[in-house]
Amino acid sequence: MALPITKAYDRVKAIDWNPSYISTDEKYLEQSRFFVKDLKPLDPFKTFIREYFKMEQEKENRHYSVLEASSRLHQGHAEARWMEGMKFGLSNFAFVEYAAGRQMGRMARSVAPVELRQGYMMQMIDEMRHAQLEMNNLRHNMRTWHDPAGYDIALKGAGNNVGSGMFRAMMEDCTTCDPIETAISLQVFLETAYSNVFFVGLSSAAVAQGDHTMASTFLTIQSDEARHMANGWATLVTVLQDDRNVPLVQEVLDKWSWRAHVSFGLGNALFQDYFTKNRTESAKEASLRWVYDEFYGGFYQKLERYGIRPPPRLDEQMAEMDDLSHAAAVYIFGAWPFFYHRADPMTTADMEWFEKKYPGWYSRYGWFWEAYNKCKDPTDKTIILGQLGGLPNFCEVCQRPLIFPTPAAHSGRSFMHGGKAHIVCSPGCQDIYVKDPQHYQTDKGFYDLYHGKELSEVVDHMGYVRDDGETLIGQPELDGARMWTRADLRCCDFVVKRPPPPPFVDEPVVAAAPGGIR
Amino acid sequence: MSDAMNDVTRSIWKESHKVTAKLINGADAEAIVAVMTAANPDLVVKDFGSYLALENERELVFRLADIGEELGRKFEVPDFLTVLASYSGQVDVQDDAVSITEFASG
């Protein structure tokens, strides 16, 4: 008879060894600034390799049978708004997951306790699986969707797209920070706070749009994330055993509460509100339930016993939920030639739904949709981007465009640091920059590459043109009388111009965390 | 900067004893719900189409033998983790059960 799990787990842990052929310093290439020596970690899932692979095989069997059935039985068409939106949405997932795999390999190499290493190593394999699942979903959609253009360049698009910059910056930040900060940023914020609302919450929306393969991809991924969430909690409570770590943990929690909100939180809000046609719940409702009630109320608040305080911008984050998706939509729809999907503008029914879910929506965003709907036909030679005055500046920390919390009253700012002027989207990102400026030194940004170039040249250079070399992949509506071409863009006479910097502020605004309620 | 929390943060930063499990919808999830409903009279189950959400105060204990009996086949930890999409609370895998309990406080 097999040993009980708890006994077997202790036996397996006991065979961990220190190699004689390499010193400890050589083995652990990186040192964390956190105090981790002699701490006693947890591994609540107690997963063994043999059981792990058996479980993952079963998940794979269940998931790929869904893809096979979908291909074989032609299960009808999903909503076009969703399927087109997923050209952008799904393209971003694969590299995010792959980056998470890299991070876990680094964690397993950098963090000593065997219980944590075991969890990290299996998570590394999970993340590679997720990247493959998403690439297979891209391939499936490319084979089955009536307009595969966009799906065929998805990975390239995720690499050079101005909208994907937010997700690239988020993952690079996770990858290049302190190893313990990597665990907290990835496993606590991205995987516990936000991947739940994304992969589980949005799976309902995917089903409502008729995209069962995507729902299956989301859910089979999140069933692994359940272990990753436990890895995050285990890492947190392990390092919090040493009081010297409390201020270090607080600093990381303060940073990533804002950092995750402006990246993953923003993406989720956009996809939930603007890529769905058959409505389930609003992004604000989903976020309040999953992120603010379950995560901040049910998870983060429990850290108070260790002396952890709420993040300083929680109220600001909550307030932004009234506008986050709508401001993002102004950007992604307004800049449609820089994307690789057909946009589906909001209808009267959508606007009524928004007004119900976000009272006052029309007074804040109705102007944009009225203008947008007058600029869809290429024969009019008018592009919405020109009506908006061009693209905005981008934040040097999170890469968000400077249109938040609302395009009409954004919180973008310039400030001097190290003798140079810098641009950020918000006081929250300014705080992050000034605490660790070398982390956010930029290479060439969008305007360094394209300032002064005519729009059709830029779109061509980015590779967002169909096989005929002339028709754009991105379109401002699902089924226009004819599709926009590079020649149409030239007729609009639009040149990319770097906008003037936002107003300067004198002093950094470093927010302190509010006190606890005890 | 004041140490006092504003009303918005205070509204979130409150003691909660709720624990949840989200199960990928299907035959296994339905069997688990049947077992859990019988064992927990106050259990709240919400159907979100692609997943089922189970909510309870303080703890959810999934006894694998009971679920196996409901399904008519052996049901072990990896089988349970195959359909557990997410949870809130502190998870612990034991020899014959998986439990989700509220995080210990103060």
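Just so it is clear: chains get the letters A, B, ... in the order the sequence lines come, proteins before strands, and each one is counted from 1. As the structure is a prediction and not an experimental result, all values here were calculated from the model.
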Once the angle between the rings of B:F103 and A:W233 is folded into 0 to 90°, is it parallel (under 30°), tilted (30 to 60°) or perpendicular (over 60°)? tilted

Heavy-atom pair of closest approach, residues B:L81 and A:K59: O-CE, 3.8 Å

How many angstroms lie between atom CG of A:N196 and atom OH of B:Y87, to the nearest 0.5 angstrom? 9.0 Å

What part of A:F199 is in contact with chain B, defined as an atom under 4.5 angstrom from a non-hydrogen atom: side chain, backbone, both or neither? neither

Surrounding CD of A:Q57 (heavy atoms of other residues, nucleotides or ligands, distance under 6.0 Å), is the total greater than 12? no

Do you know which two heavy atoms are closest between B:A85 and A:L219, and how far apart they sit? CB-CD2, 4.1 Å

For A:E51, is it the side chain, the backbone, both or neither that has a heavy atom under 4.5 Å from a heavy atom of chain B? both

Which atoms of B:V83 are under 4.5 Å from chain A, going by heavy atoms: the side chain, the backbone, both sets, or neither? side chain

Most heavy-atom pairs under 4.5 Å with chain A, out of B:Q90, B:E76, B:Q94, belong to B:Q90

What are the residues of residues 201-208 of chain A, in order of number, with any heavy atom under 4.5 angstrom from a heavy atom of chain B? A:G201, A:S203, A:S204, A:V207

Salt-bridge test for B:D95 and A:K7: reply yes if a basic N is under 4.0 Å from a carboxylate O, no otherwise. no

Mind listing the closest non-hydrogen atom pair of B:I24 and A:T220 along with its distance? CD1-N, 4.4 Å

Side chain to side chain, B:S86 and A:M229, heavy atoms closer than 4.5 Å: yes

Under the side-chain contact (heavy atoms from CB on, under 4.5 Å) rule, what do B:K22 and A:W290 come out as? Steps first, then yes or no, please. CA-CA 12 Å; B:K22 285 88 176 180; A:W290 286 92; 3.4 Å; yes

Interface residues of residues 37-69 of chain B facing chain A - non-hydrogen atoms under 4.5 Å apart: B:F48, B:S50, B:Y51

What I want to find out is whether B:D28 reaches A:R62 closely enough, with some N-O distance under 4.0 Å, to be called a salt bridge. yes

Most contact-rich option vs chain B, by heavy-atom pairs under 4.5 angstrom, among A:G298, A:G297, A:A215, is A:G297

Would B:T20 and A:E294 count as a side-chain contact (heavy atoms from CB on, under 4.5 Å) here? Give the steps. CA-CA 9 Å; B:T20 70; A:E294 288 207 2; 3.8 Å; yes

